[in-house]
Amino acid sequence: MTVNKNFEYVKIVNKQSQEAFKVISGSSSSDRNLAIFNTSSIIKNNQNEILEANNIDIKNAKAKNLSNAFIDRLILDDKRINEIVHGLKTISSMNDPIGIELSRWQQPNGLDISRISVPLGVIGIIYESRPNVTIDAGSLCIKAGNTVILRGGSDSINTSKILSRCLREGLASVNLPPNAVQMTENTDREAVTAMLQSSGEIDVIIPRGGRSLVEKVQKEARVPVFAHLEGICHLYVDKDANIDKATKLILNSKMRRTGICGALETLLVDKEISNQVIPIFVQELTKVGCHLKGDKETIKIDNSIELALETDWTTEYLEAILSIKIVDGVIGAINHINKYSSNHTESIVTENKDTAETFLSKIDSSIVMHNASTQFADGGEFGMGAEIGISTGRIHARGPVGANQLTSFKYVVRGKDQIRD
């Protein structure tokens, strides 16, 4: 497919999304919820076909010698499909994000003004290896009365095509336009460029993938973007931490799933307890196969650790590698995070509430936590059913992007024949 044909193709897809938006944006909450709920049954009924397609994608990825972290994000199994099904049912039962009166006031002249939530519009999702993004993005866009154009990566194309078909069948089951969910099934890079240049046709682009993809989107997009470059997540163990709790939280934050954006990448330890706790942390992390890097002060405590380079503090490993740095209390932790963080997720472990509040108020990341695993940086865990991504910017949406973040608003003004002087 030539460049011109790619642009023509995307233009047709955009037009179909705009037409579908006219219908779904005015549809009832009950119809949209039923479409999402029905999709959960359709996916369950097609589980074997989905897994067969996913096996093809996994086989192709292994043949290309793609990383274990990449393949982990690609894999669907019975457990993950059940999680998708559960997520769809949760989303279908959540409150409608559309038509909410966000605020209301009266002017001295008697005008009654309210701000009401409305659908955002046509949303483009550009993603790489995660086939579950197909369902998360599609269902959340339906929930909020939007249409979505999905552009998955070539490595997950077989799985994503079937999942998008399930969403379209769910829409058709309640007589909503199937084109509310479309997938660009060609994987030419020019199709991405065409989407990024669709000003006036696509209302927002959300990239979901590695640094190169996100940087390309941010550089070339002519439409607004919700994005984060990386998940360089930190966990700080304070001098007033419970060490057993801290050990448990570190292991979960790093090793539960190393390939997700909420995985811990840098562990910060208060120097007052470093001699006591670092041998414990090193022993437990090494036991589960985590390779450790550390600053010079950490290596003085355990010389089996590899010396960390400056680049390690800005590296999203997405595998079983963790960097460790000793810091001067909570202020030292805050200073390190504010210098090196990607503004994704940071956590403090401490029993001192005042110290925790200092950390929570001084860190300017999209998610800050106290005594909790960074792996909770996920829309489903925030009660959103799912999320399209974690936005680390400050415009419109920040943190997990769920259905409520996929809305805009309008002003409704009720008058009594007022005229302006």
Side-chain angles (χ1 to χ4, degrees), residues 58 61-62 64-77 79-80 83 128-130 132 155-156 208-212 228-237 243-269 274 277-299 301-327 336-337 340-342 344-347 349 367 369 372-378 381 390:
I58 294 166
K62 289 180 177 177
K64 295 177 185 177
N65 292 318
L66 297 176
S67 70
N68 290 334
F70 188 99
I71 292 171
D72 176 65
R73 295 193 294 273
L74 178 62
I75 290 172
L76 288 184
D77 53 23
K79 180 174 182 271
R80 291 186 182 179
E83 289 172 353
E128 293 178 327
S129 62
R130 292 180 183 269
N132 64 292
D155 298 297
S156 62
R208 187 82 181 264
R211 172 178 277 271
S212 61
H228 77 267
L229 279 177
E230 294 172 305
I232 302 172
C233 302
H234 299 80
L235 185 146
Y236 164 61
V237 180
I243 304 310
D244 289 338
K245 290 180 184 178
T247 305
K248 179 178 68 174
L249 289 170
I250 292 165
L251 290 170
N252 187 264
S253 294
K254 179 69 235 182
M255 299 301 291
R256 175 187 166 269
R257 285 187 68 185
T258 59
I260 65 173
C261 61
L264 176 64
E265 304 294 13
T266 298
L267 171 64
L268 304 174
V269 180
S274 57
V277 302
I278 282 179
I280 298 171
F281 298 157
V282 169
Q283 180 182 15
E284 295 303 316
L285 286 161
T286 304
K287 194 185 297 182
V288 293
C290 186
H291 179 74
L292 301 175
K293 301 184 179 187
D295 66 344
K296 290 178 180 179
E297 297 305 311
T298 302
I299 290 176
I301 297 171
D302 190 324
N303 62 13
S304 68
I305 300 171
E306 180 185 346
L307 178 64
L309 304 175
E310 178 67 16
T311 53
D312 283 303
W313 312 124
T314 56
T315 298
E316 184 183 31
Y317 299 115
L318 296 176
E319 54 184 313
I321 302 173
L322 180 67
S323 56
I324 305 175
K325 184 176 178 63
I326 295 173
V327 294
H336 179 94
I337 292 169
Y340 296 105
S341 172
S342 61
H344 193 291
T345 300
E346 331 296 349
S347 185
V349 184
I367 303 171
M369 300 177 165
S373 168
T374 61
Q375 298 255 341
F376 282 111
D378 178 279
E381 298 299 326
I390 306 289

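- Counting heavy atoms from C-beta outward, W313 and D295 have side chains that approach closer than 4.5 Å.
- Residues forming a side chain to side chain contact (heavy atoms under 4.5 Å, CB included) with K248 (at least two apart in sequence, or on another chain): none.
- Residues L235 and L268 have side chains not in contact (no heavy-atom distance under 4.5 Å, counting atoms from C-beta outward).
- Annotation for L66 and F70: closest pair CD1-CE2, 3.6 Å, computed over non-hydrogen atoms.
- Between C233 and A263, the shortest heavy-atom distance links the atoms CB-O, 3.5 Å.
- Closest approach of V288 and M255 over heavy atoms only: O-CE, 3.3 Å.
- Between the CD atom of E306 and the NZ atom of K293 there is a distance of 4.5 Å, given to the nearest 0.5 Å.
- Judged by distance alone, the side chains of E310 and Y340 do bring a donor and an acceptor atom under 3.5 Å apart.
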Apply the test side chain to side chain contact (heavy atoms under 4.5 Å, CB included) to residues T345 and M369: give CA-CA distance (whole Å), side-chain angles for both, the deciding distance (0.1 Å), then the verdict. CA-CA 8 Å; T345 300; M369 300 177 165; 4.0 Å; yes

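- For the residue pair E319 / S67, no side-chain donor-acceptor distance below 3.5 Å is found, with atom types taken as modelled.
- Here S304 pairs with D302 under the side-chain hydrogen bond (donor to acceptor under 3.5 Å, both in side chains) rule; sequence neighbours left out.
- Residues satisfying the salt bridge (Lys or Arg N to Asp or Glu O under 4.0 Å) test with K245, not counting sequence neighbours, are E351.
- For the pair K254 (side chain) and L264 (backbone), a donor-acceptor distance under 3.5 Å is present.
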Assess whether side chain to side chain contact (heavy atoms under 4.5 Å, CB included) is satisfied between Y317 and D312, documenting all intermediate values. CA-CA 9 Å; Y317 299 115; D312 283 303; 2.8 Å; yes

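- Considering every non-hydrogen atom in both P279 and S274, the closest pair reads CD-O, 3.9 Å.
- Not a single donor-acceptor pair under 3.5 Å links the side chain of S156 to the backbone N or O of L74.
- In the model, T247 has no side-chain atom that pairs as donor or acceptor with a side-chain atom of D244 under 3.5 Å.
- For K62, there are no salt bridge (Lys or Arg N to Asp or Glu O under 4.0 Å) partners, not counting sequence neighbours.
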Residue pair E284, C290: steps toward the side chain to side chain contact (heavy atoms under 4.5 Å, CB included) verdict: CA-CA 9 Å; E284 295 303 316; C290 186; over 6 Å; no

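- Atom OG1 of T298 sits about 11.5 Å away from atom CZ of F281, to the nearest 0.5 Å.
- Of all the heavy atoms in I305 and V282, the pair that sits closest is CD1-CG2, 3.6 Å.
- Between L322 and L285 the shortest side-chain heavy-atom distance falls below 4.5 Å.
- In terms of heavy-atom proximity, E346 sits nearest to H344 at OE2-N, 4.0 Å.
- Looking only at side-chain heavy atoms (C-beta outward), Q375 and I260 come within less than 4.5 Å of each other.
- With contacts defined as side-chain heavy-atom distances shorter than 4.5 Å, the pair R257/D72 qualifies.
- When the salt bridge (Lys or Arg N to Asp or Glu O under 4.0 Å) test is applied to R256, no partner is found at least two apart in sequence or on another chain.
- Using modelled atom types and a 3.5 Å distance limit, the side chains of H234 and E265 yield no donor-acceptor pair.
- Salt-bridge annotation for R80 and E83: absent, with no side-chain N of the basic residue lying under 4.0 Å from a carboxylate O of the acidic one.
- Counting only heavy atoms from C-beta outward, the side chains of T374 and L249 never approach each other to under 4.5 Å.
- Checking S253 against S373 by side-chain atom types alone, a donor-acceptor pair falls below 3.5 Å.
- Here the NZ atom belonging to K296 is positioned 15.5 Å from the CD1 atom belonging to I301, to the nearest 0.5 angstrom.
- Distance check: T314 OG1 to L309 CG gives 10.0 Å after rounding to the nearest 0.5 Å.
- Annotation: the span from N68 atom CG to T258 atom OG1 amounts to 8.5 Å, rounded to 0.5 Å.
- In terms of the salt bridge (Lys or Arg N to Asp or Glu O under 4.0 Å) criterion, residue partners of E297 (sequence neighbours excluded) are, by chain and number, K300.
- With contacts defined as side-chain heavy-atom distances shorter than 4.5 Å, the pair I367/F376 does not qualify.
- The shortest side-chain heavy-atom distance between S341 and I232 does not fall under the 4.5 Å cut-off.
- Between the side chains of S323 and T266, at least one donor-acceptor pair of N or O atoms lies under 3.5 Å.
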